[in-house]
Amino acid sequence: MSSFAEKTGDCGAPSTTPAVSTVRPRIVRTYEEHMKYIKKLTPNSWQILPGFVPGMRVPGIFYVNERLEQLMLSELQQSCDGTGIGGFIPACSQIANVAALPGIVKSSIAMPDVHSGYGFSIGNVAAFDMNDKDAIVSPGGVGFDINCGVRLLRTNLFEKDIEGVKENLAQSLFDHIPVGVGSKGVIPTSPSDLDSALELGMDWSLREGYAWAEDKEHVEEYGRMLQADPRKVSKRAKKRGLPQLGTLGAGNHYCEIQIVDEVHDQKAANRMGIGARGQVVVMIHSGSRGLGHQVATDSLVEMERAMARDGIVVNDRQLACAKIHSTEGQNYLAAMSAAANFAWVNRSAMTFLARQTFAKMFSSTPDDLDMHVVYDVSHNIAKVEQHVVDDQLRTLLVHRKGATRAFPPHHPLIPVDYQFTGQPVLIGGTMGTCSYVLAGTQKGMDETFGSTCHGAGRAQSRAKSRRQLSYTDVLDNLNKKGISIRVASPKLVMEEAPESYKDVTEVVNTCHDAGISKKVVKLRPVAVVKG
Amino acid sequence: MPAPQNRYRLSRLTRSRPSYTSTPRTLPSNSSSIAIAVEERGGRGGVNKDSLKDMEAKSAAHGKVHGNYEYLPHTADIQLHSWGPTLNDTLSSLCIAMFGYMTDLTYINLSSEQQITFKADNLNNLIFKILDEWLVHFHTTGFICKEMVTQVKEEGGGWEVECVGKGENFDIEKHTQGTEVKAITYSNLQIHQKTDKVDIYVIIDI
């Protein structure tokens with residue numbers, strides 16, 4: 001590490017230096033040589049030793065069980081066999097590349113649903129010391145879909161109540177919540193509305209009547225990040241966000257009507273109001289839409305300049321980052337927070353629309369249907385948090401990209417309702433499989449900065465899914481399981497088929513067995529609305 | 001649809017659920033216009049088991065490639081690969097490849113023409129920017145390109161780009177919805193220039 005520090009010292013070059021000089025060359029090794037740096041720690045976790053990639057400051061850790069480790073290692077093997085043209089960087093190398101970033105603390109951690117992303121892998125958790133002046137913030141560690149997350153609404157309906165109207169309900173949800181490419185929201189928004197929404201987050205939703213006061217209680221950060229500054233969000237980003245308020249998006253985003261299928265922890269499930277088997281709930285998985293994507297894109301361009309100026313050396317160009325306390329770093333955090341607020345406003349808008357759907361269908365009110373927010377988690381975000389590292393309380397900027405915060409019982413940042421159960425963690429499954437509600441544990445707090453998995457995680461590429469699967473088979477399969485579906489794009493039916501993903505149950509079980517979170521409830525879908 | 005009779009049978013559940021202070025519920029002031037907008041969308045679109053036939057007809061036309069490009073596998077996202085005899089042609093194909101992922105270009109008419117111009121610092125930046133500019137252009141105007149002519153000029157260490165696209169505005173009634181492109185990435189961005197062939201690889205986040 002010391003030799004590395006010397007090297008960066010030399011690079012303290014003027015801003016005219018071409019950005020290329022800040023990227024280290026890649027090491028070419030065979031699979032066997034790579035494997036010397038990877039050790040199995042426990043039945044559910046592996047360690048990547050420093051030296052796997054240049055400049056590693058801390059080790060990397062990934063949580064996988066026996067079945068999931070195959071996917072991880074075969075990906076690494078494939079990358080060694082390839083010619084280097086086309087192809088992509090395997091998740092193992094990405095975890096290690098993150099471990100080489102300035103200011104990283106403890107280790108670069110990956111969850112069982114890990115797969116190759118850009119810069120950071122999806123499922124990567126990394127914390128940077130706020131008190132280290134060289135520590136960095138990276139938009140790649142948050143992801144393009146800033147504050148993508150999952151929200152769960154409960155109802156007091158049971159499966160047999162919706163049996164006859166399931167198809168109508170799916171269609172009605174599809175009418176209320178626009179999905180897919182080029183869709184425009186049904187909620188009229190003006191540019192000044194957007195600015196207030198970016199600044200106020202769910203407080204705006206509450207003021208405008210889209211949210212209930214108690215919704216806020218059950219959302220991370222109470223649905224509003226105070227660092228948000230709408231002025232730091234570019235005009236382009238706002239333009240992209242304006243027509244999209246209240247739209248679901250495409251890809252893996254969805255709105256599902258689900259049934260409580262198995263209860264693993266009755267006490268915690270009761271506390272969350274989802275303790276009865278057969279109970280109907282609604283899950284919404286969406287993010288900050290075009291606005292967030294553009295904020296991330298804009299910041300990458302800005303940070304490239306900052307990297308050249310401050311002499312930050314990284315292993316992968318996509319790991320663009322800036323010192324937390326630099327102008328670029330602060331600008332990004334302010335814009336990211338604004339995009340996060342937009343995502344909460346967006347999920348609140350869809351909550352409102354889902355409540356309207358149910359109220360209309362059952363000629364009732366959302367109140368009488370008990371449609372409260374169980375919880376709302378963010379799985380693409382960077383937050384300032386306090387954690388104990390090496391027996392010292394430290395203030396860290398925790399990046400979670402495709403990983404969910406899972407704070408233990410009694411943590412001051414979780415709502416009073418969940419003080420004894422731990423923070424609810426919502427794990428969205430794949431189309432037609434199942435989803436889970438987990439709860440945070442103390443072990444997770446100690447080992448993974450209070451984080452756990454976020455979903456199934458892709459196992460197969462989209463192009464491969466499209467070639468191998470036929471949408472008729474996929475739809476027939478769903479039909480046989482009694483799942484109503486509305487999808488905007490037929491292509492997506494194949495891409496998002498359960499076969500393309502890791503088994504969410506394996507992922508959740510790995511987290512449960514490793515003790516970083518525990519299972520509370522298993523949910524099974526009966527109606528799916530997707531982009 | 002009458003309200004189900006057993007709604008309040010959940011006393012066990014109700015007792016154990018978290019307690020709330022009840023606050024007044026006010027509907028948004030624009031709730032009537034929202035209801036109208038929903039009504040207008042009513043019953044339209046969406047692939048379900050009944051519209052399979054329709055889909056089959058549409059997908060027969062789908063997959064037709066409108067330029068020199070292909071989609072390569074990437075675990076979560078998609079990698080665009082385009083090629084051509086010159087850099088200009090390869091860049092044009094690259095943009096068409098992106099649009100082809102968002103909608104089926106077979107249904108796009110060449111009814112209008114739009115232009116973007118920008119400057120880039122280097123070649124990687126140029127490739128990133130050309131896609132980003134068109135993506136933002138789509139998100140603000142709804143314009144989809146099916147054909148494109150690109151002119152790049154290297155000047156004083158930077159690049160000047162002029163790009164004219166032919167196509168039409170996206171209409172949810174007329175066109176199919178593909179996959180939404182979230183952003184362009186620098187991840188493993190590659191350009192291979194030979195005298196007679198240029199290849200570009202870009203991963204886009206979807």
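Remember, predicted model here, so these are calculated numbers, not experimental data. Residue numbers start from 1 in every chain, and the chains themselves are labelled A, B, ... in the order their sequence lines are given, proteins ahead of strands.
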Separation of [Y] [atom2] from [X] [atom1] (nearest 0.5 Å):
X	Y	atom1	atom2	answer
B/L135	A/R236	CG	CZ	9.0 Å
B/K182	A/S288	NZ	OG	9.0 Å
B/Y186	A/T297	OH	OG1	10.0 Å

Which atoms of [X] approach chain B - backbone, side chain, both or neither, heavy atom under 4.5 Å:
X	value
A/I162	neither
A/V179	backbone
A/R289	side chain
A/P178	both

Can you give me the closest heavy-atom contact between [X] and [Y], atom names plus distance?
X	Y	result
B/I172	A/S183	CD1-CA, 4.2 Å
A/G209	B/P28	O-CD, 3.3 Å
B/I184	A/F144	O-CZ, 3.5 Å
A/V181	B/T179	CG2-C, 3.3 Å

- Query: Any idea which of B/N30, B/N125, B/N124 has the most non-hydrogen atom pairs under 4.5 angstrom with chain A?
  - Reply: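 Result: the option with the highest number of such pairs is B/N30.
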Under 4.5 Å heavy-atom distance to chain A, tell me which part of [X] shows up: side chain, backbone, both or neither.
X	answer
B/T140	side chain
B/D121	neither
B/D132	both

- Message: Treating B/E180 as the side-chain partner and A/G249 as the backbone partner, does any N or O pair qualify as donor plus acceptor under 3.5 Å?
- Response: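 A pair under 3.5 Å: no.
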- Query: Considering the options A/Q244, A/Q294, A/H293, which one meets the side-chain contact (heavy atoms from CB on, under 4.5 Å) requirement together with B/H139?
  - Reply: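 So the option named by the test is A/Q244.
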- Message: Quick check on B/K119: does its NZ atom have over 12 non-hydrogen neighbours (other residues, nucleotides or ligands) under 6.0 Å away?
- Response: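 Atom NZ in B/K119 is not crowded, with 12 or fewer foreign heavy atoms closer than 6.0 Å.
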- Minimum side-chain heavy-atom gap A/Y210-B/I34 below 4.5 Å: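 A/Y210 vs B/I34: side chains touch.
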- Any side-chain heavy-atom pair of A/Q356 and B/L27 under 4.5 Å: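 Sidechains of B/L27 and A/Q356: in contact.
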